[in-house]
Structures are given as C-alpha cells and as structure tokens.
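This report concerns only the one structure given below.
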Amino acid sequence: MKAQHSLLSIAATMLAATLGTGVQGAEEASAMLSPQALQEIAQVEAEIDRIEEQTIGRLAVPPDNQVQQIELLGKLMLYDKQLSVNRNEACAFCHMPEAGFTGPVSELNRTTGSYPGSVRTRFSNRKPQAHAYAPLSPVLHYNPGQGDLVGGNFWDMRATGRRLGNPAADEVARPGPPTAGEPLPIHLGPIDRGRAGTTFDQMAQSIAGYEASAEVTPFTSKFDAVLAGKVQFTTQEKAGYDLFRGKARCNGCHRDGGPGEDPLFTDFTASNIGTPANPRLPYYAENRPDALGYVANPAGSAFVDGGVGNFLAKGQLLSQPSAVDHRWLKLAPENQARFQVPTLRNVDKRPDPSFVKAYTHNGYFTSLKAIVHFYNTRDVLPRCQPHDANEGTTCWPAPESTDNMNTSRVGRLGLSDAEEDAIVSFMQTLTDGFMPVNQQ
C-alpha cells in the first residue's frame with residue numbers, strides 16, 4: 001500500500017510540475033466571477049468534499065470484487081482536488097452527477113459557458129462534456145464505408161483511445177510540455193520514471209472504469225423503461241420520438257440504437273451544425289499574459305475553434321505516442337470546424353427546474369428549446385443585427401465557422417412550435433434515475 005501511495009504521489013507531482021505551478025490569488029479569481037457564481041462554486045466544492053469523504057469511508061470495508069475496487073479508486077481520483085496543478089480543483093468540478101456529469105454551476109452555464117481551471121483565471125474555450133457514457137465510445141478510427149472518422153472522446157476527438165484502448169482513459173492527459181530549459185523537471189531514474197508512467201496509466205484506466213460503472217452509465221431513463229415495456233410515453237413524448245426519428249432527422253446522428261447497438265444517442269462522428277460564436281466565453285479576453293506570464297489565446301476576439309480539423313492538423317499531447325495517425329492528416333480540411341456529436345442521454349438532467357444548462361461545444365445555447373429551434377430555423381430566419389433583442393427567436397447570428405457546415409440535416413426542418421416542444425419533451429425522457437439500478 002505504501003509503495004502504491006508513493007507511486008501515485010510521484011505521478012501527481014509529475015503532472016503538477018510539468019503543467020506549471022503557482023497559486024492564483026483569491027482576489028484575482030473573485031474579480032472575474034460574480035457573487036452568485038462564487039456562491040454556487042462554493043456549494044459544488046462542498047458537495048465534492050462530501051462525496052470524497054463518503055467514498056474514502058467505503059475503504060474501511062472495500063469491495064471484494066476487483067472490478068469494483070478499480071471503480072472505487074477511479075471515483076476517489078475524480079473527486080480528489082490534490083491531483084490538480086494547484087491542488088484546488090477536482091475533475092468532478094466540471095462533471096457532477098446532479099447535472100448529468102457535466103457543468104454543475106448554473107451561473108457559469110448561463111454566463112461564461114466554459115469553466116475555470118485550477119488556475120482560476122484561466123477558462124477553457126469549450127464547455128465541459130458529460131463523461132457519462134463516454135467509455136462506450138469506440139477507439140478513434142476511420143470508417144471507409146462512411147467516409148468518416150468515428151470514435152474518441154472530447155469535442156475534437158483528441159482522446160483517441162489508441163494508446164490505452166479506451167478513449168475515456170486517454171482523456172486523463174499525460175503531463176504536458178515542460179519548460180525548454182528543463183525537459184525532465186522531475187528527477188527520476190529510468191526505472192522510477194517507468195513505474196510512475198505505468199501508475200499514471202493505471203490511474204487513467206481506473207477513472208475510465210468508474211465512468212463505465214452503473215453509478216455513472218446506468219441506462220435508467222424513462223426511455224429505457226419504455227424499451228423494457230415497463231411504462232409508456234405520454235402523447236407528447238411519443239409525438240416527439242416520432243419526429244426525432246422522422247421529420248426532424250435527429251436520429252441520423254443521435255442514433256437510438258440498432259441491431260447489436262446500445263441506444264447511446266450519438267453516432268460518434270463529428271459535425272459542424274453552424275453554432276454561432278459564444279461572445280460570453282472569457283477565453284476571448286485571454287490574449288494578454290496572466291499573472292504567470294501565460295497567454296492562452298493569442299488570437300483574442302479573432303479566435304475560431306477549428307475542432308477536429310485543428311486536432312488532426314496540429315496534433316495534441318493526449319494518446320501519445322500515436323495521437324494522430326499520419327494517414328489522417330489529409331482529412332484535416334474536411335474536418336475543420338467539426339465537433340463530436342454528443343450523446344443526448346441526460347441532456348436535460350439538472351438538480352432543479354431553474355438550473356441552467358449549456359449546450360454545444362462553446363455553450364452558446366442555454367435551453368433545449370433554443371437548440372431545437374436553431375436546428376429547425378437556422379437557414380430560414382435572417383441574420384441578427386448586433387445586440388438584437390430577438391436573437392434566438394426571430395433571427396440567428398452568423399455561424400462561428402461555415403467550414404464543412406451540415407446543410408443536409410440542419411437548418412430548414414419545417415417544424416411547428418408545438419413539434420419543437422414535443423421533441424424537447426422526448427429528450428427529457430433520456431434523464432437517468434427513472435428506474436433504480438437494482439430494479440432493472
């Protein structure tokens with residue numbers, strides 16, 4: 001046990017040292033966040049601490065099943081703040097169960113869209129994806145029949161799964177680039193370095209094991225109960241499901257299953273649906289050196305997220321040594337501005353009806369009705385004028401990028417307002433928790 005703890009510590013130290021150190025002052029972070037956001041963040045952090053303490057308590061009588069032991073270890077790490085750069089933010093901060101394992105801070109979802117990292121003044125350029133059902137994504141591969149890349153995790157598919165055999169495990173990034181002056185800042189011999197690397201991989205696989213467990217990926221929605229013949233859809237839900245599979249063309253990408261398939265409501269490909277840029281993202285203002293001299297976004301307000309295309313063209317540090325198959329480089333132009341089709345499971349899971357969720361890669365949409373209306377009318381309504389009060393109702397802003405924009409299944413669906421509502425009603429049946437796990 002002591003040896004395991006030592007190796008975990010080495011791996012965590014390697015992570016912190018190679019990503020950077022230095023704690024941002026609370027005053028600076030507070031200046032960027034509203035009082036309401038700070039209050040919600042405090043509540044989420046308290047809940048993370050409670051879940052971690054409860055999980056540690058389970059170690060007193062650990063499960064005798066090895067699979068469950070691995071899942072328990074993975075859960076402990078997801079709720080452990082000590083593994084972050086400044087030992088202040090757990091992975092769960094962006095992936096809490098009450099929000100369907102995506103962003104749990106309503107005020108951030110409503111305003112910034114993205115979440116701050118361990119350095120609390122640095123925000124991502126994307127909203128958190130849900131990690132429920134993520135381990136069921138296949139290893140990223142090219143399907144010549146479809147003429148498309150399929151699989152991986154993250155909005156740009158860069159967690160390929162090709163190194164560890166599971167995209168969810170590859171999400172737990174290996175240490176990033178060290179400083180130029182010291183390529184190996186953690187001074188270890190080759191044997192200890194190998195052991196630490198192996199331990200890091202085992203940590204990642206444990207987290208993926210927990211994400212695949214019945215606690216996170218349970219298939220307990222009303223939809224699943226309907227499939228099992230235990231309940232029936234309401235009239236509106238049934239109408240929405242028929243539209244989902246028919247006139248609205250949702251099922252073309254958000255597949256509800258087929259022979260030998262679980263109904264995961266994604267086809268694991270990528271698409272550019274023409275989402276507008278989200279001007280609320282703090283990332284646009286990260287074009288100046290922060291307190292640590294780091295410039296996150298040199299392009300400033302001109303930044304355009306290239307999605308899968310950027311990953312293919314520029315590569316990433318995940319899934320080394322084979323983050324990008326060189327045979328895929330020619331696919332970069334046709335994947336520019338495309339983002340992974342997310343699962344719709346738990347798309348409306350929230351702790352209370354007033355809680356705001358954010359949708360699409362940049363969090364531009366803050367309601368299911370809005371995004372369904374966008375799919376329906378993107379190419380019908382006129383472009384909005386600056387600061388148009390009717391944005392999202394009678395007009396839409398221009399897409400963030402028109403590269404490879406999906407025009408076959410999005411933009412001109414001819415749905416009525418009532419039909420949009422019915423589709424929303426159906427998607428609300430995909431929220432887990434309708435059936436207790438032990439009653440399936």
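What's counted below: heavy atoms across the whole structure, side chains too, no hydrogens, waters or symmetry copies.
- A donor and an acceptor atom, one from each side chain of Asp305 and Asn125, are located under 3.5 Å apart.
- The CG atom of Leu73 lies 11.0 Å from the CD atom of Gln205; values are rounded to the nearest 0.5 Å.
- In summary, the side chains of Ser106 and Lys357 do not present any donor paired with an acceptor at a separation below 3.5 Å, with no hydrogens or angles considered.
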For this session: Output, in order, the C-alpha distance, side-chain angles, deciding distance and verdict of side chain to side chain donor-acceptor pair (under 3.5 Å) for Asp432 and Asn346.
Result: CA-CA 6 Å; Asp432 283 323; Asn346 292 313; 3.0 Å; yes
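- Asn310 and Gln336 form a side-chain donor-acceptor contact under 3.5 Å, judged by distance and modelled atom types alone.
- Minimum interatomic distance between Ser408 and Arg249 (heavy atoms only, all atoms of both residues): O-NH1, 2.6 Å.
- Atom CD of Glu419 is separated from atom CG of Leu413 by 10.0 Å, given to the nearest 0.5 angstrom.
- Taking every heavy atom of both residues into account, Tyr79 and Pro97 meet most closely at OH-CD, 3.5 Å.
- To the nearest 0.5 angstrom, Phe219 atom CZ is 5.5 Å from Leu136 atom CG.
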For this session: Verify side-chain contact (heavy atoms from CB on, under 4.5 Å) between Val347 and Leu368, making sure each step is shown before the conclusion.
Result: CA-CA 8 Å; Val347 70; Leu368 283 180; 3.7 Å; yes
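- Side chains of Ser425 and Phe233 form no contact here, defined as non-hydrogen atoms less than 4.5 Å apart.
- Within 6.0 Å of atom OH in Tyr142, more than 12 heavy atoms from other residues, nucleotides or ligands are found, so the atom counts as buried in its surroundings.
- Of all heavy-atom pairs between Asn404 and Asn272, the closest is O-CB, 3.7 Å.
- Counting only heavy atoms from C-beta outward, the side chains of Val308 and Phe154 never approach each other to under 4.5 Å.
- Nearest heavy atom pair, residue Ala277 against residue Pro279, reads O-CD, 3.2 Å.
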For this session: Would you sort out whether Arg345 and Asp224 count as a salt bridge (Lys or Arg N to Asp or Glu O under 4.0 Å), showing the intermediate values?
Result: CA-CA 11 Å; Arg345 283 187 170 271; Asp224 297 299; 2.9 Å; yes
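- Considering only heavy atoms from C-beta on, Leu415 stays 4.5 Å or farther from Thr377 through its side chain.
- Shown here for Thr343 and Ala132, the closest heavy-atom pair between the two residues is CG2-O, 4.4 Å.
- Interatomic distance, Ile207 CD1 to Cys91 SG, rounded to the nearest 0.5 Å: 5.5 Å.
- At most 12 non-hydrogen atoms from other residues, nucleotides or ligands lie less than 6.0 angstrom from CD of Gln66.
- With 3.5 Å as the limit, one finds a donor-acceptor pair spanning the side chains of Asn335 and Arg338.
- In this structure, Leu149 and Leu312 have side chains that are in contact, with non-hydrogen atoms separated by less than 4.5 Å.
- Ion pairing between a basic and an acidic side chain is recognised when a charged N comes within 4.0 Å of a carboxylate O; Asp417 and Lys369 show such pairing.
- Looking at Asp348 and Thr431, their side chains never bring a donor and an acceptor atom within 3.5 Å of each other.
- No donor-acceptor contact under 3.5 angstrom links the side chains of Asn65 and Gln68, judged on distance only.
- Residues Val304 and Glu400 meet the side-chain proximity criterion, which asks for heavy atoms closer than 4.5 Å.
- Remark: the Tyr375 side chain and the Asn406 side chain contain no N/O donor-acceptor pair separated by less than 3.5 Å.
- Under the side chain to side chain donor-acceptor pair (under 3.5 Å) test applied with Tyr210, the options Glu215, His131, Glu71 reduce to a single match, Glu215.
- A salt bridge is absent between Arg350 and Glu98: the closest approach of a Lys/Arg side-chain nitrogen to an acidic carboxylate oxygen does not fall below 4.0 angstrom.
- In summary, the side chains of Tyr115 and Asn109 do present a donor paired with an acceptor at a separation below 3.5 Å, with no hydrogens or angles considered.
- Taken to the nearest 0.5 Å, the NE2 atom of His95 stands 7.0 Å off from the OG1 atom of Thr102.
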For this session: Assess whether side-chain contact (heavy atoms from CB on, under 4.5 Å) is satisfied between Val44 and Met96, documenting all intermediate values.
Result: CA-CA 8 Å; Val44 169; Met96 288 293 279; 4.2 Å; yes
Problem set entry | Candidate pair Glu89 and Arg120, rule salt bridge (Lys or Arg N to Asp or Glu O under 4.0 Å), full reasoning | CA-CA 9 Å; Glu89 183 171 291; Arg120 287 301 175 87; 2.8 Å; yes
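- Taking 4.5 Å as the limit, some side-chain heavy atom of Met203 sits within range of a side-chain heavy atom of Leu83.
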For this session: List the steps, then state whether side-chain contact (heavy atoms from CB on, under 4.5 Å) holds for Leu381 with His373.
Result: CA-CA 10 Å; Leu381 298 179; His373 187 55; 3.8 Å; yes
For this session: Show your working on side-chain contact (heavy atoms from CB on, under 4.5 Å) between Asn362 and Arg126 and close with a plain yes or no.
Result: CA-CA 5 Å; Asn362 61 11; Arg126 297 172 184 158; over 6 Å; no
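- Counting heavy atoms from C-beta on, the side chains of Thr275 and His361 come closer than 4.5 Å.
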Problem set entry | Residues Glu237, Lys222; criterion salt bridge (Lys or Arg N to Asp or Glu O under 4.0 Å); working and verdict | CA-CA 11 Å; Glu237 291 165 354; Lys222 182 175 182 179; 2.9 Å; yes
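- Counting only distance, with no hydrogens or angles, the side chain of Asn153 and the backbone of Ala168 share a donor-acceptor pair below 3.5 Å.
- The minimum heavy-atom distance between Leu140 and Gly151, with the atom names listed, is CD1-O, 3.5 Å.
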Exercise. Step by step, would you call Phe265 with Phe223 a ring-ring contact (aromatic ring centres under 6.0 Å, His included)?
Worked result: CA-CA 11 Å; Phe265 292 92; Phe223 176 84; 5.1 Å; yes
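- In this structure, Asp290 pairs ionically with Arg122, as a charged nitrogen and a carboxylate oxygen lie closer than 4.0 Å.
- Taking CD of Gln129 as the reference point, atom CZ of Phe339 lies at 10.5 Å (rounded to 0.5 Å).
- Side chains of Glu420 and Asn376: a donor on one and an acceptor on the other come within 3.5 Å.
- Proximity of Phe434 to Thr220: side-chain heavy atoms (C-beta onward) are nowhere separated by under 4.5 Å.
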For this session: Might you work through the salt bridge (Lys or Arg N to Asp or Glu O under 4.0 Å) test for Lys81 and Asp49, ending with a clear yes or no?
Result: CA-CA 9 Å; Lys81 297 176 182 177; Asp49 290 342; 3.2 Å; yes
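- A side-chain donor-acceptor contact under 3.5 Å links Asp256 and Tyr241.
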